[in-house]
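Presented below is the structure to which this report refers.
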Protein chains: 2
Amino acid sequence: MNNGISLKELAAELNLAPSTVSRALNDSYEISEATKKKVISMAEKLNYQPNPFARSLRENKSKTIAVIIPERINYFFSQVIDGIEEITSEHGYHLLVYSTHEDVEKEKKILSLLQNGRADAIVMSVSSQTSDVSHLKRLHDRGLPILFFDRICSEIPTTKFITNDYESAFEGTKHLIQQGCKKIAFLMLSKELSITKERHRGYVDALKMAGMEPEPAFSLHCCHSDEDNTQLIRELLLSSNRPDGILSSVEKLALATYQAVKKTNLSIPDDLKIISFSNMSIAGLLNPSLTTITQPAETIGEECAKLLIKKLTKPRQPDLLNQVITIPSKITIRESTLVR
Amino acid sequence: MNNGISLKELAAELNLAPSTVSRALNDSYEISEATKKKVISMAEKLNYQPNPFARSLRENKSKTIAVIIPERINYFFSQVIDGIEEITSEHGYHLLVYSTHEDVEKEKKILSLLQNGRADAIVMSVSSQTSDVSHLKRLHDRGLPILFFDRICSEIPTTKFITNDYESAFEGTKHLIQQGCKKIAFLMLSKELSITKERHRGYVDALKMAGMEPEPAFSLHCCHSDEDNTQLIRELLLSSNRPDGILSSVEKLALATYQAVKKTNLSIPDDLKIISFSNMSIAGLLNPSLTTITQPAETIGEECAKLLIKKLTKPRQPDLLNQVITIPSKITIRESTLVR
DNA sequence: TTTAAATACGAAAACGTTTGCGAAATTTTC
DNA sequence: GAAAATTTCGCAAACGTTTTCGTATTTAAA
């Protein structure tokens, strides 16, 4: 790979010192307008491209942001990354994207790769297996800006972006109750996950407010495998005391529920109503169409990025505040919770 | 950000020269086993992490691969990236992921950012607007390894990975004909796209083989906007001479068709049968379930990565061969093409 | 006219690695 | 026991930037 001309060679071509050329290209006040013009035009003519590694080495910053998500095949995370890229690309930042595949060991490995300054900051959503957070804490203690979204980590004092998990789950559950559900189940990935806790809390409170008692067996703890989840949910649906309503805390479990229902003689929404957190654009095309709680994914990504850019580009920014910023979700009612 | 200890400091701690420590860590034959042990244990104790930029600067390689896709919210591309990451991460490579949003100007901008060696190679699928390929050619001429998949670029002499577009489209169209379709339309993004050309060729040949003449108006040229596409397709479906079968060359147009059909009093599959290239795992949950041609996305990503890793890590590899590698798709028949 | 200030640029160091070369110290060879 | 070969390590340069400091030239002030 021919990397093109270097600053030194460009300087030689211009009969100038490298320092002068560098300053001219960086628009330093110490360089005359005449020289700047000459330098810039020659740089364009020779298509000079500064070496990013020399610059990173010298300036101790990489112009790169690491994004870590639990899975890539997911509307929500894809949208968030789109939002991040939208903002960061305008400021010349590059995105390293990693998927943990919900595996905390992979997560640790990725974070250890990020110890050396390869990225100027991290934007992440933790894996469903993450309970010990020492690998996150280590990087944060070193001063690497870390920002969480969706699946946040309360132990790390930094800024986190989430949706109104509690209220949305509360409203979703309330909606199921209003539609006549008497026995409502809650589907979750891991109990450790921040979103699980908050959404479950909203679910429980809504039940209680309606004078219903949450049954432990109705809080179904699922895993990463779609097949296993489908089986698990199917068993729940075939049990003697089966639920007639489901609040799914994540999209994939709603889809597993659809798959599970297909293997029974039940029907949605007649025998089972379901509402799910989901960012699928095609929720309306499912059979039956799925009532969803949709997060403002792209906005979340954008807000993460805006804050980060401010932190990274302004001269003497304070550390990211230990705060949780909430951007509300939107409930869209469709056939899966219909009374007919 | 505290980047930790440097090689020099580690050397000082050991009373050794930096060169010795470097060689010890890189397992050079010039260093005694005793010294290696001492160095390695001290490096672990002090958690020494080599600075990637110093190394990149010195070695003129970044251990980074750029992946450029037309859109992120897309099952196929997400799966391909998963496949790429699967392989590259094992070899210590990092992934810079860019989305062009089907915008050739963004594509050009991204490629110009990659002129300076930030990535050791590029794996990409071109945007639907890409017809002039000079921005790709420039980088390839410089010696940067570029590898195409799915939407390939025949003008650039390098290795490309695709599925059997022609055959799949041929078989898909044949299937529609066998199901009784008499007037089959073809939905496409841009005419320039390699996948459009090949899939359209398969479509046309299947029609001809059945003694049917392809109508020009039935080759519908769509765009990037879902709303516009839905409207376009709706108009086609409401026209006096409407199709009774559709082969969609990309997933998003099948979904737009579903949306369009909802706004008519037509029904799939009774009035209109549809088959589409698609990697949606939930094609079976749509209403009605969608007959799909599914690409081996993850395999494509893995094969791209394997070839690239070989090229990048083995000492004196030749340039990537100018060849097209085909990995076949799989057709899954569902309700959307059912006769009832 | 002399001196001080401002302007415009160059020399060199630094960032943290890797590596060619040289040179002790040790071992082998004859 | 001397010479040669081998082992083991250090010195210094190099990668391509940015920046501190110094300095020559020009301009402004006294």
Side-chain angles (χ1 to χ4, degrees), chain A residues 1-40 42-43 46-64 92 113 115-118 120 142 313 315, chain B residues 1-40 42-43 46-64 92 113 115-118 120 315:
Chain A
M1 165 71 177
N2 165 25
N3 261 350
I5 199 175
S6 77
L7 186 71
K8 214 183 290 182
E9 294 167 311
L10 177 58
E13 199 70 31
L14 285 157
N15 278 326
L16 286 172
S19 51
T20 304
V21 176
S22 172
R23 276 186 272 245
L25 291 174
N26 291 330
D27 203 28
S28 161
Y29 73 99
E30 297 185 281
I31 305 298
S32 70
E33 289 304 320
T35 317
K36 279 184 190 171
K37 286 230 196 311
K38 269 192 290 187
V39 169
I40 291 172
M42 181 64 83
L46 301 183
N47 189 28
Y48 166 72
Q49 303 285 342
N51 182 307
F53 305 119
R55 187 174 276 174
S56 289
L57 179 58
R58 171 66 213 222
E59 310 218 294
N60 200 30
K61 53 187 179 187
S62 63
K63 279 276 189 179
T64 299
L113 289 174
Q115 284 187 71
N116 52 22
R118 189 177 281 272
D120 293 339
R142 277 183 163 225
T313 57
Chain B
M1 166 71 178
N2 165 25
N3 263 349
I5 199 175
S6 78
L7 186 70
K8 215 182 292 182
E9 295 167 310
L10 176 58
E13 198 70 31
L14 285 158
N15 278 326
L16 286 172
S19 52
T20 305
V21 176
S22 171
R23 274 185 270 247
L25 292 174
N26 291 328
D27 201 29
S28 160
Y29 72 99
E30 296 186 280
I31 306 298
S32 70
E33 288 306 319
T35 317
K36 280 183 190 172
K37 287 233 195 309
K38 269 192 290 186
V39 169
I40 290 172
M42 180 64 83
L46 301 183
N47 190 28
Y48 166 71
Q49 303 286 342
N51 182 307
F53 306 118
R55 186 173 276 176
S56 290
L57 179 59
R58 170 67 212 221
E59 309 220 293
N60 200 31
K61 54 186 178 186
S62 63
K63 279 276 189 179
T64 299
L113 290 174
Q115 285 187 71
N116 52 22
R118 189 178 280 273
D120 293 339

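In what follows, every chain begins at residue 1, and chains take the letters A, B, ... in the order their sequences are listed.
Residue A:S56 is out of contact with every strand shown, counting any heavy-atom pair closer than 4.0 Å.
When atom types are taken as modelled, the side chain of B:D120 and the backbone of B:K63 share a donor-acceptor pair closer than 3.5 angstrom. Put simply, the side chain of A:S56 gets close to the backbone of A:K61: a donor and an acceptor are under 3.5 Å apart.
In this structure, A:R118 atom CZ and C:dT17 atom C1' are separated by 14 Å, rounded to whole Å. As a whole-Å value, the separation of B:Y29 OH from C:dT19 P is 12 Å. Separating the NZ atom of B:K61 from the P atom of C:dT17 is a distance of 17 Å, rounded to the nearest angstrom. Atom CD of A:E30 is separated from atom P of D:dG22 by 14 Å (rounded to the nearest Å).
For the pair A:T35 and C:dC9, the criterion of a side-chain N or O lying under 4.0 Å from OP1 or OP2 is met.
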Worked check of side-chain contact (heavy atoms from CB on, under 4.5 Å) between B:N51 and A:N116: CA-CA 6 Å; B:N51 182 307; A:N116 52 22; over 6 Å; no
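No donor-acceptor contact under 3.5 angstrom links the side chains of A:N3 and B:Q115, judged on distance only. Donor-acceptor pairing under 3.5 Å is recorded for the side chains of B:T35 and B:S32.
Between B:I31 and B:K36, the closest heavy-atom pair is O-CE, 3.4 Å.
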Heavy-atom protein contacts under 4.0 Å, nucleotides 12-19 of chain D, coded B base, S sugar-phosphate only, - none: BBBBBBBB
